[in-house]
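Before any comments, here is the structure.
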Amino acid sequence: MNLYILSFALFLVGLYGVLTKRNIVKVIIGAAIMGYAVNLFLILVAYRSGATFPILLPGQEQQIMVDPLPQALVLTSIVIELGVTAVLVALAVKIYAKYGTLDLRKIRRLKE
Amino acid sequence: MPVEGWLYFLTIFMIFASIVALEMKDLLSSIISVGMVGLAVAVAFLFLQAPDLALVQFVYEIITIVILILLLKSTAERFEKEREGKFSFVVKVLFIIAVLIAVTPLFSVLPSFGEPHMHVAERYLQEGARETGAANLVAAIILDYRAYDTLGEVTVLFVAILAVTTLLRRKPRKVKSDE
Amino acid sequence: MNEKQGMTLIVKTITRFTVWLIMLYGIFLIVHGHLTPGGGFVGGLVIALSFIHLTLAFGKGSHAKVPSEGASHVLEAAGVLMYIGIGIVALIAGLPFLLNFLGKGNLFDLFSAGTIPLLNIAIAMKVSAGIFLAYLLLTHIGRISQEEDEG
């Protein structure tokens, strides 16, 4: 058991939500959990034991720092997730306006 | 308690909270549970020495909860109604566990926790402050070394907001433009 | 005047005190983005949250000075154009696109690090206006779909 496998388990919990849940709100929540798991995994890989955050402080010698590159990439990824969530919520609102339900199975039936 | 112990605790807490969020019948409760997962991720980022990310994750979480509650408010659904049968549920959980066991050996290829490969990052750490003049090396990377990447990110967010605008365009405005 | 809109008097009174602090914190995060944790993304999100706070407390159509939908569109596009414009200025000067062409200044000074603070401001404009626009559209659609059901 190590932390990488635990964060992968978190990813699989989100995947379970996306694959099996019928309510659109639950599907959006599953997608958000998958995003958290991926971000957490990337930052776990970047951690260096005993190191400090990658920001210089005035009047201090430069110490050992953690890897700043994955932090910079995850910073943009979180904001993109916010945009993705907004698009998913907009789609759900339109689906509700058209079909009157948030249940994916009922929507599939109504299409036929 | 060392950092690793706290991270084990937080990750197991996240897994349980996300299972609760997915299995709760009341949709409002499940939205609040997913908020708990996000805040636990923010605390984990603090333990992993990433204060920039902890701030962004914290604010992102609040806005996500506001947006999801707006979705609930604009619809009439409060509860998840249908449940699946016991047999298919067991099959799906077994499938997920099988995937976890099958993928686990691949993680041994990665560098072990606490000892990353830092071929590129060493240069950023040594020369970053001198070359860009910024004390925050994360800001130096996203806005100087990899500004192209950030330009792409800004474009993605712009297109996402454009998609929301197109999807939720108000009816009255459309009628006006037809006149 | 519009006591029936928004939340109760207690919430409105507290909001008058707190919303400026939230907005000021957002501006601090943007301006000090190259020195301390923070930057354009989180500062923009905090400013969007302060607008959302005002709209939630006072209701729509109140005297609260929040950007309208049209103004949000303009601000968002202006942020993207400012980002690209800074890149093109470097291109005109004969340097690579998006190069940090201004003087670096002293480390730990507020006005240092060349174009990084300017790019932070551009990103903050884009993010705050975009997220607030998404919030405004989502609140409108709830009202519209109810009107369609009734009509």
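All chains are named by letter (A, B, ...) in the order of the sequence lines, taking the proteins before the strands, and each is independently numbered beginning at 1. Because the structure is predicted, anything quoted here is derived from the model rather than measured.
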Heavy-atom pair count under 4.5 Å with chain B, highest-scoring of [options]:
options                            : result
A:Leu91, A:Val25, A:Asn39, A:Ile43 : A:Ile43
A:Ile24, A:Thr85, A:Leu57, A:Thr76 : A:Thr76
A:Gly83, A:Ser7, A:Pro54, A:Gly17  : A:Pro54

Does any backbone or side-chain atom of [X] lie under 4.5 Å from a heavy atom of chain A? Answer side chain, backbone, both or neither.
X        : result
B:Ala50  : both
B:Leu48  : both
B:Asp149 : side chain
B:Val156 : side chain
B:Phe47  : backbone
B:Ile161 : neither
B:Val103 : side chain
B:Ile31  : both
B:Tyr145 : neither

When heavy-atom pairs shorter than 4.5 Å are enumerated against chain A, which of [options] gives the highest number?
options                             : value
B:Ala140, B:Gly38, B:Ala135         : B:Ala135
B:Ile142, B:Val99, B:Ile67, B:Ile15 : B:Ile15
B:Phe95, B:Tyr60, B:Tyr124          : B:Tyr60
B:Leu110, B:Thr64, B:Leu143         : B:Leu110
B:Val93, B:Thr75, B:Val59, B:Leu137 : B:Thr75
B:Leu53, B:Val34, B:Thr150, B:Leu7  : B:Leu53

Answer with yes or no whether the side chains of B:Glu61 and A:Tyr36 bring together a donor and an acceptor at under 3.5 Å. yes
From CA spacing to verdict: side-chain contact (heavy atoms from CB on, under 4.5 Å), A:Lys26, B:Leu27: CA-CA 8 Å; A:Lys26 291 289 177 75; B:Leu27 290 178; 4.0 Å; yes
So, taking the atom named CG in A:Leu44 and the one named CZ in B:Phe45, what distance separates them when rounded to the nearest 0.5 Å? 8.5 Å
Nearest 0.5 Å, please: how far is CD1 in B:Ile141 from CG in B:Leu125? 7.5 Å
Is a salt bridge present between B:Glu23 and A:Lys21, judged by a nitrogen-to-oxygen distance below 4.0 Å? yes
Of the backbone (N, CA, C, O) and the side chain (C-beta and beyond), which part of A:Leu75 lies under 4.5 Å from a heavy atom of chain B, both, or neither? both
Contacting region of A:Ala86 [heavy-atom separation from chain B under 4.5 Å]: both
Check side chain to side chain contact (heavy atoms under 4.5 Å, CB included) between A:Leu19 and all other residues, then give those that pass, not counting sequence neighbours. A:Leu15
Just to verify, what does A:Ser49 make a side chain to side chain donor-acceptor pair (under 3.5 Å) with, not counting sequence neighbours? none
For the backbone of A:Tyr16 and the side chain of A:Thr20, can you confirm whether one donor and one acceptor N or O come within less than 3.5 Å of each other? yes
Closer than 3.5 angstrom, by distance alone: can the side chain of A:Thr52 be matched with the main-chain N or O of A:Ile64 as a donor-acceptor pair? yes
Which atom pair, heavy atoms only, marks the closest approach of A:Phe53 to B:Pro51? CB-CD, 3.7 Å
Using side-chain heavy atoms (C-beta onward) and a distance below 4.5 Å, is B:Leu68 in contact with B:Leu72? no
Would you call the rings of A:Phe11 and A:Phe8 parallel, tilted or perpendicular, taking 30° and 60° as the class edges? parallel
